Amino acid sequence: GSEEDTENESSGNTSADNNEEQESESSSDESSEPENEELEGSVVIDGSGTVYPLMSVLAEEYMLNVQQGVSVEVSRSGTSAGFEKFLVENGTDFNDASRLIKEEEKAKAEELGIDVKELKLALDGLTIVINPENTYATELTEQQVIDIFLGEYTTWSDINPDWPNEEIQTYGPNENHGTYEFFYENILEEQDLVESANLQQNYSTLVTLVAEDPNAIGFFGFGYYDNNKDKVRAVKIDFGEGPVEPSLDTIAEDGPYANFTRPVFTYLNTVMAKEKPQVLDYAIWVMENVNDFAGEAGFAPIPEEEAEQLANDLKELK
Amino acid sequence: MTTNSESNQNTVPVREMIEEKKKSRNLSSVTEKLVPTILFLFAMISILTTIGIIWTLFSETVEFFKRVSMTEFFTGTELNPLSQNPDFGILPLLNGTIMSSVIAMLVAGPIGIMAAIYLSEYASDRVRRVLKPMLEVLAGVPTIVYGFFAFTFVTPIIRSIWPEVGATNILSPGIVMGIMIIPMIASLSEDAMSSVPNSIREGAFALGATRLESTFKVVIPAALSGIIASFILGISRAIGETMIVTIASGSSKNFTFDLTQSMQTMTAYIVEVAGGEAPAGSTIYFSLYAVAMTLFVFTLIMNLLARYVSRKFREEY
Amino acid sequence: MKYLDLKQVQKRLNTRIVKNNILQYIFLLATIFGLIVLAILIFRVFTQGIGFINLDFLTGRLSTDANRAGIMGAILGTFWLMVVVIPITLIIGIGTALYLELYQKNGRIQSFIQTNISNLAGVPSIVYGILGLTIFVRALDFGNIVLAGGLTLSLLVLPIVIVASQEAIRAVPQHLNEASYGMGATKWQTIRRIILPAALPGMLTGSILALSRAIGETAPLTVIGIPALIIPFPEGIFDKFTALPMQIYYWTLDSSLVDEYANLAAATIIVLLLLLFILNSVAILIRNKFQQRY
Amino acid sequence: MSLSTVQESITKESPKAAENIVFDTRDLNLWYGETHALKNINLAIKERDITAIIGPSGCGKSTYLKTLNRMVEMIPTVRTSGDIKYNGKSILNKGFKVEDLRTRVGMVFQKPNPFPKSVYENVAYGPKIHGIRNKKILDEIVEKSLRDAFIWEEVKDRLKENAYGLSGGQQQRLCIARTLAIEPDVILMDEPTSALDPISTLKVEELVQDLKQDYSIIIVTHNMQQAARISDRTAFFLNGEVVEFDDTETLFSNPTDQRTEDYITGRFG
Amino acid sequence: MSLSTVQESITKESPKAAENIVFDTRDLNLWYGETHALKNINLAIKERDITAIIGPSGCGKSTYLKTLNRMVEMIPTVRTSGDIKYNGKSILNKGFKVEDLRTRVGMVFQKPNPFPKSVYENVAYGPKIHGIRNKKILDEIVEKSLRDAFIWEEVKDRLKENAYGLSGGQQQRLCIARTLAIEPDVILMDEPTSALDPISTLKVEELVQDLKQDYSIIIVTHNMQQAARISDRTAFFLNGEVVEFDDTETLFSNPTDQRTEDYITGRFG
Ligand SMILES: Nc1ncnc2c1ncn2[C@@H]1O[C@H](COP(=O)(O)OP(=O)(O)OP(=O)(O)O)[C@@H](O)[C@H]1O
Ligand SMILES: Nc1ncnc2c1ncn2[C@@H]1O[C@H](COP(=O)(O)OP(=O)(O)OP(=O)(O)O)[C@@H](O)[C@H]1O
Ligand SMILES: [Mg+2]
Ligand SMILES: [Mg+2]
């Protein structure tokens, strides 16, 4: 309660008098204090919907407490559609991506003379979920998960004779999502999903479907599980060293859940960054603060050194 | 201006005044010539819109058909755009579109026309003035709201009656789409029926006709062109509806006539691809335009057909 | 010679009257059916969202924090969209209708334009989104500003306004035109003084339906690309923006991430419905004041 | 409308309130909103008579006629008081079946109002709603009615064409034919010949006199000659009141009221 | 329409083709699509005369009248051949300004067709579209026109009310007033009294005879008495042809054509 109240107050105050106070609060003060400049203009960000929750929290914090004169617009057309808007003349300043930039995209950037800087933001853990009524399949091995989604098992009793003789229903986000791509490429190693898999475009639909079907098993990003713990149950995965429950702690780069973990990025157009001080300032601020906000958005932080390194790289662009 | 004496019949020399004014009426003759030109330009905007749509869709569609054969596209019953061996058959989408529209019209057609009859022929002026705008509110509810209404309210109700129905299915969004379209059909049909002159109704009543008989045998035939027009707009709306189906029917690309199943419409496919991760220049990206083009041609053919029908039944009074 | 057997007629009459009375109630039920659904829908939305409507919510800025989020930006975005859509659709829509009904004598050209319009009325909104993206956002390089969105929505609802205006013009009795021409009135005078006043109520009906649609439309805006997070308020038609339905769309989509977003969406729906209600009431008042049976 | 709620129905066999009286109007008052259009009307209209109603424009002739088959109810602001008995039954009762009344009491309007259908369908409409489906009988009814309205020759080759292609006079005669097709007891005519040429008018007048044998006819007319020529009894309306009601001969030759005399001699207004 | 494209305009000073002839019709033919509605009409209508047109229903009277101010063009299927000269100028020319013609040639229609506006606005409509804006002058014109149409007394207290509240007869007299308000040269009247009661009819007839001093009047009527009473010359139409055109007295007392005689004696049809 009281924390919120103070936040509300500070959001209500946008006058210049408050600047000192806010800057001392903000963790970016070390870098921006010497210049103490008032920036204005806009920062345009598009790209992955998976990264959006994190990026939007960062953008809002920056606008409210760091640079009130700057407008950071965050869109979410998807990684690839975002790159299309990014890799054109006068394109977007950042593109969020739930995957690495592709070769074609790199080539296009070179052709346009856009120097692209890759910024790793956070880590997302792919979470396997089941219906809360399902009290037996709470622990599975990595291979069992793979086999379920490849259609090797049709009923639960195929996995374990003690489990009910009911048909397994598989769910997941559809091909449009980076999450699917990761699951398909990195976990299933490019083997086709079972024909009957119910793949959805919409996460709300997906959560509801799993929550309603007692024989459901599905996969999606940790953030979606984190917010729906009352509706779905996460499966502990055994990667060979005992079952691991996905959590912000286990989804670390070298953590026990690493096999099901992927990084998410944002790509910066450094040409823009050099032209527009607010873009660069924002980029630096993001890398200095991203780890403070990752958890709030359902992501695990990247190693502190890596973030610092990236921030320092950016400062050299000045 | 001088007023003549009472005895003179011409207290106001109107004719002279008109002659006088006529000389200064060159301006109005300019207006007369200018107005049609301006209005013509306005009318051209709709032509330009069509050209714009066709041009936009066509160039990318051509690209698509360089990669996927027309035969496969139009006769394929499989649509797996992202799998390793992608299939690009549009039939599942066509099927989903037709199924949802038919369900919607089965709901909206009868209910809409009955509501129109009530409002135009039975309701008193007062009641009509209250009910009609209330009904029109239905048309203004954003479709995204209907989508979640279908998914979280209507589907569970249907499933409690008919357990075989899936959590995502075509029936529920079809019904909700129908509800959304009711006011469009009711309102426009009511307008058409209201503009049938009262003297014609009186003629029927004077012969001992009940309201029902005057409505079905005189008013509806006389207003038929307007009623059909309202149906066309309703169907078009159903075919083009995006959000409701996207949310409540899921995104399975099933080719089936089973109402209980999840299906995808052409519009939902476009949303899925447009908002997705398909890189520009890929086949799936171009398939978006091919589907949009099909959707466009589909509505074109249907409208031409409906226009033909409506002209055939047009009555003059 | 008697063809009508009075006894038969009498007997049939009872069934006819009963039929009429029964169907009257069925028709009433049909009318009310829609309203019942509407009531349920509104009830659900209200119970979910009404608690979140307060001054801070209405006047506040957008935020990712559900407790702080406000929708003034979206309200202003919708407002500026209407500033673009209303004049454009009314002027072009009524103009086109007048041209088709009263000026274009060549049946072929008339029927060509007419076919084109009724087809445009059936083109799905998502296709207009693709058009708006290609023409206004990219080719004319407006970017995703209010003007681009407004023009796209205008094109989308234009056919509805045209068709409704045409119907209204056609419903003006021919003998009124004759009377006017008989007085030596020119065509434009007849249109301005006789046809437009008589047809205006009908035109308004169509325009209300059209504008309601434009205000609640989501699909084309998603294609044009509206930022999911944009905090500054739009101050004119050249600013970037978000609109009420977009905000509802984003919040409903993200409700699986933050539960409270569903409530915010419900609250925003209430605001949107209220807005539509006010708009419709004003227009319907105007319409009822002038409606006339000849 | 202030109507009692007793459910009643008329049959030809019902006892009549007064011998030979088909319409008995007692203290009828009618208002259009604020306008008091009919004031204390008392009229007893005899069966198998031709009753003419004359009077200056706006005096309430059409209104009275439309009250007799309750068409006046179509205007929502109308209120009535008093009573009208048709064959002894009060027709202003709410429970009274207007459809029945209107089948018995046909009406021809001042402005022609054909349906936007073919000539044939216009005439066949009445018989059809009353249950006649047989194509042959319908054909017969249509032909007979059109002949009786003296329009058969003009339209017999265009029965399938839309009635709106006919001239005003043709349309009006079609409307008369349409009414004849349901063979009513009483025919109300509101200036039925005002859109007809003298030839057609004469024919219709002849027809009206012909029909008198089987029907009671009430005719509103501006043409005093017409009233004098064809009617048995004439009512003179003025400002919503009945000034005089008498045998046509008496009324025209020997009016008791000064206003009637002024009117029929054209001195009035 | 087969019209030459010579641009012409009429002014009062233009020399007349024939002395005193206001409308000179030569070999006029008119078709509604396939229907040949007017056949070889030749008529010379004199200035400051009252010309009556009589004939049975559907014979083309209204059509001819509407050709004189080119209102007939409103029906798209209409084709004409031949020529009509108004004050010596061919009016069927495409370049001819119909608005001018219609300002000079006023028209009163068969069915009353007031605008859905107030009584005042109905009468003021003509002067307004011709550029008269002065409120005082408009008031004068409205009052005078309504007086001339003998309706002033009935409507003077409801000038602001909608004209649709008036009775049929009142509406028609309002339409006459509306035409008088622009003081045309010629007034075309298509059965203007068919919806009027005898009193109003007599008044309008008087008015017509009054107006004759300044205007040429062409009146279509079914009422032969009326034609005989008020007109100077009468044309008898039959099946789209002019059977006879002569001084009214001659035509009624001594018709040359057998068909005319049959018609006026009522033997015909
Ligand atoms: N719908 C209406 N609303 C209000 N007043 C009306 C209505 N219809 C008629 N009146 C008024 O009622 C009075 C009687 O009208 P009614 O039409 O019965 O006259 P009428 O005798 O038939 O006249 P006419 O010979 O001109 O047809 C008139 O003063 C008229 O203005
Ligand atoms: N719009 C039209 N389309 C086709 N035919 C028409 C049209 N108007 C009139 N006619 C035909 O042209 C002929 C002449 O019609 P017109 O209205 O001139 O007759 P009229 O002499 O005025 O008759 P009435 O006395 O009944 O008014 C009629 O046969 C009629 O059927
Ligand atoms: Mg009357
Ligand atoms: Mg005529």
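Quantities reported herein were computed from a predicted structural model and do not represent experimental measurements. Labels below follow one simple rule: chain letters A, B, ... track the order of the sequence lines, proteins then strands, and each chain is numbered from 1.
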Tell me, yes or no, whether the heavy-atom count around [X] atom [atom1], taken from other residues, nucleotides or ligands under 6.0 Å, exceeds 12.
X	atom1	result
D/K136	NZ	no
D/R133	CZ	yes
D/Y32	OH	yes

Original post:
Are any side-chain N or O atoms of D/N113 and backbone N or O atoms of B/I200, one a donor and one an acceptor, separated by less than 3.5 Å?
Top reply: no
Look up atom [atom1] in [X] and atom [atom2] in [Y], then write down how far apart they are to the nearest 0.5 Å.
X	Y	atom1	atom2	value
D/M71	B/E202	CE	CD	4.5 Å
D/K128	B/K217	NZ	NZ	8.0 Å
D/M107	B/F205	CE	CZ	14.0 Å

Which bit of [X] is near chain B, if near means a heavy-atom gap under 4.5 Å: side chain, backbone, both or neither?
X	value
D/I129	both
D/V108	neither
D/P114	backbone

Original post:
Are any non-hydrogen side-chain atoms of D/R102 and B/L207 less than 4.5 angstrom apart?
Top reply: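 Heavy-atom side-chain distance check fails, nothing below 4.5 Å.
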Original post:
Is there side-chain contact between D/Y125 and B/V218, with at least one heavy-atom pair below 4.5 Å?
Top reply: yes
Original post:
Which heavy atom of B/P221 sits nearest a heavy atom of D/K117, and at what distance?
Top reply: CG-NZ, 4.0 Å
Original post:
Which answer fits B/T210, side chain, backbone, both or neither, if we ask what part of it has an atom under 4.5 Å from a heavy atom of chain D?
Top reply: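 Both backbone and side chain.
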